[in-house]
Amino acid sequence: MPLLEVNDLHTQFFTRDGVVRAVDGVTFNLEAGETLGLVGESGCGKSVTALSLMRLIPQPPGKIVKGQIVFDGQDVLKMDDDDVRGIRGNNIAMIFQDPMTSLNPVLTISRQISEALELHLKMDKGEARKRTIELLELVGIPSAKKRVDDYPHQFSGGMRQRVMIAMALSCNPKLILADEPTTALDVTIQAQILDLLKNLAREFRTAFILITHDLGVVAGMTQRIHVMYAGRIVEKADTAELFANPKMPYTWGLLRSIPRLDEARRAKLLPIEGLPPDLIAPPPGCKFEPRCQYRRDICKEKEPELQTVPNAKPDHEARCWGTQNVPGGGWLVDTDWRRELGDTRAIEEIKQAAASETATETPGE
Amino acid sequence: MLKYTIRRLLLLIPTMFFVAVIVFFLAHAAPGSPFDAKSNADKPLPQETIARLERLYGVDRPVGEQFLLYLNNVAHFDFGTSFQRNRPVSDIIGQGFPVSAQLGVQALLVALALSLPLGVISALRQNSLIDYGSLLFATVGTTIPSFVVGIFFIYIFGVWFHVFPFVGWSTPSHWVLPTVILALGPMAFLTRITRASMLEAIRQDYVRTARAKGLREQVVIVAHVMKNAMIPVATIIGPATAGLITGSIIIEQLFTIPGMGRLFLTSIIARDYPVIMGTYLLYAFLIAVANLSVDLVYGMLDPRIKVGR
Amino acid sequence: MATTAATAQERAAELNVLVRKQRSLWQDAWYRLLRNKAAIVGMVVIALFMITAAIVPTLTDLHILKSPTLQDGPHQLMEPFWTPNTQYHFSAYPLGSDQLGRDILSRLLWSTRISMLVGFVPVAIIFMLGVTIGLSAGYFGGWVDQILMRITDVIYAFPDLLFLFIIMATLRNTALGDLQGGLLLIFVAIAIVNWVGLARLVRGQVLSLKEREFIEAARSIGAPSTRIMSRHLFPNILAPVIVSVAFGIPNAMLAEATLSFFGIGIRPPTASWGVMINEGFVVFSATPWPVLLPALSISLVMLAFTFLGDGLRDALDPRMKT
């Protein structure tokens, strides 16, 4: 039985400008002890998915309108509030992106970590404090005993993130959601934190969902990767398989845009042109179609399903007419994405459209 | 912290000096003599009497000399004698100050007791009836001049309904109307600040973290949000004190209360220099102390601030 | 060829539609302000008052409105037209008369002129003083800044009203107090007492902006200080300054009303709401209207400016999204 089953999750935000379909039909599973990468651009719905798992979506204006989230055999969406709170911090914990703002500046970190221990594990103050110091040592905070009564602003960025990790680990959760845990840190610290997370996952056999826009981060950390775009999952594969044999033009674009050490110096960077779609009034067909250089008419008319694709591992799925072996599709099945950059006319159109978008920005403040 | 406090208190001295300079020279810039006031239309004092009084009180000397003399006296804690009432200034102020202090403290307590809960509740129940009500109250309270509200209240509760007396300060029921009116301004202001500060604090990321740990909403609000939200509110106490001081002048005039405010007004009009200086210096001192305590309180509440590096 | 051009156009249009249109900060703020109903009401009321202030002299000249200073012995303390025992008849005193027989309606309307003047002139002075000094102190630092900070400390030690009182009470019988029927002194007094707040605000803003990259960039291409201050710093500090100005106007009006209430403000027989309240207080127990009517007027105008100020603050501060 998988630890987590998410079925057709739909989370929407009701704003003055319209209904934002932030998560628009997401389905995936997670096994105990597994690390899953959830990758995509800003605004693609990955953070909202994670927040939905813990029902942390602010009720107005947000709402989980449809779907099923089964964690450890229980349907999270059908629980009452007290039960959900019992899970938060206890069975599922979350690490947030910016440790400076995510920690309360006027409370000591001892207090902030002990809170969860006292609440969920019913420890008294003395036990909680001891455990807090243990946790701080576990995540690599030097002189933990002395620093346990310090305030967040007295720590450096990397240290603060370690504190957040300690906070997440405190009640031995089965699942940790890490939302861009290293984005706010500089590169050398990033590596340290990722290492820490990897070791902790292995030692405590905790399942992780690692949310990031950075493919480099997931490469060394995850067993499987799901790529998200416009509120949907557009590709699912094992990590190695995704990097070796991606099957969705968006993923190709992501991989292509990473500068490589072995590239010729003069080789140009190849970004994905255009901007992410409007989640209030998304296009009718494939959501990536306006930016896709391999598109055909069918892409504009109908949205493809997420299905297994030929020339790939058996559990590798992609949401693309081109790579699927279905009637009307399949023109990308044998394409070597590293060499064939798509229809030049389509590329031109996309570039022009992108240029006129930026020209409609009004100049000035 | 102690060193910082002492340093700030010492810094008061140059500030007070400048205050004294400005007030002194302004007061002496008014045309005419302080003793014109003693003379009334039907029985004007003869010129020689005025001249003699002036010489007696040293008012005929050049202004600069008078000022230095005054400074010298102040250094010896002698604040002079009132021209109008012929009693030591410290006596007169000593009589009026407790009344004003009581009025001020009462008003501040009332304001705090009502506005803090109101601000918190309206932040938590945004866009509800309470929220709109308190916003309306806050807006109206800060715009309608206090003397206008005072007049209305006097009319309704004093004249029409005869519930509360509105002249003098003798019995507790005399205290009600002035205290309430004086409290209105700070109350409106404090409600706004508290509400805004709570709203700001609730938006912060650490609230999301607290919720993600499974804490009950009540705990989140009280333990996490409020501690942060109260910090800006505490800093308002300084300006609020200044507001109370100026407000009390108006209120005391309206309700004929024998406090420092009335003293201040009458002494300005009568050109009673010693009293003017005395009350002014006292006011300046109070405000400076209020501002200092705000800084100290801020340092105590917010661990990020190191008071008195 | 035609078909490809058409499809390209369509594609371009599509992509435009899919992306939220960009708006400049000021347009955005204006749009937000217009959505704030209270602010709109405030602006309408202010506009009405300004129009009244403008046409009142003409109305009086045309004898549509009585003179505000004409004392009419036999018609003292008449009641407004809605009271039961009014002696109102057409073209008499619709809002009643005061104890000297002067028409309250006329005095009320003429007071708008004083209020508008008192609201805007000192604030204009405060704006010029506060912004220039604040910019200089913040940008140049050094002794200019030190002096400014000392001055603000001293002035902060004075409660505004007390300072105002002392200036008005002592100087109003001097030559300075005689200019323009006492108005000039009031303008100057209000400006002197209140400019420091704005200067400090501007200075604080400048300090936080000074180290930002765009200032560094401007400096690195050799822009002179005045240019940096006027072209780069000034537009970026405008937002809180505008809010401060919007609240400064009712503040100034309140100051004048308070001073006049205590008899040390506008000289009679000029009408201002504060003066009217002062005069009406004497006969308050006989009839409340000479006090209530100007009190309502001043409350109304101040409320309007406060709504506008609130609206401006919400519109110009992009963080506060309720």
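Proteins come first, then strands; the chains are lettered A, B, ... in the order of their sequence lines, and each starts at number 1.
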Could you check whether any side-chain heavy atom of [X] comes within less than 4.5 Å of a side-chain heavy atom of [Y], counting everything from C-beta outward?
| X | Y | answer |
| --- | --- | --- |
| W273(C) | V148(B) | no |
| I22(B) | F163(C) | yes |
| F147(B) | N278(C) | no |
| I151(C) | F18(B) | no |
| I249(B) | L161(C) | no |

- Note on the structure: Between the CD atom in Q253(B) and the OG1 atom in T258(C), the distance rounded to the nearest 0.5 Å is 12.5 Å

- Which atoms form the tightest heavy-atom contact between Y283(B) and L162(C), and what is the distance? CD1-CD2, 3.0 Å

Between [X] and chain B, which part of the residue has a heavy atom less than 4.5 Å away: side chain, backbone, both or neither?
| X | result |
| --- | --- |
| I166(C) | both |
| N251(C) | neither |
| L303(C) | both |

So does [X] have more than 12 non-hydrogen atoms from other groups sitting under 6.0 Å from [atom1]?
| X | atom1 | value |
| --- | --- | --- |
| L129(B) | CG | no |
| F189(B) | CZ | no |
| F152(B) | CZ | yes |
| Y132(B) | OH | no |

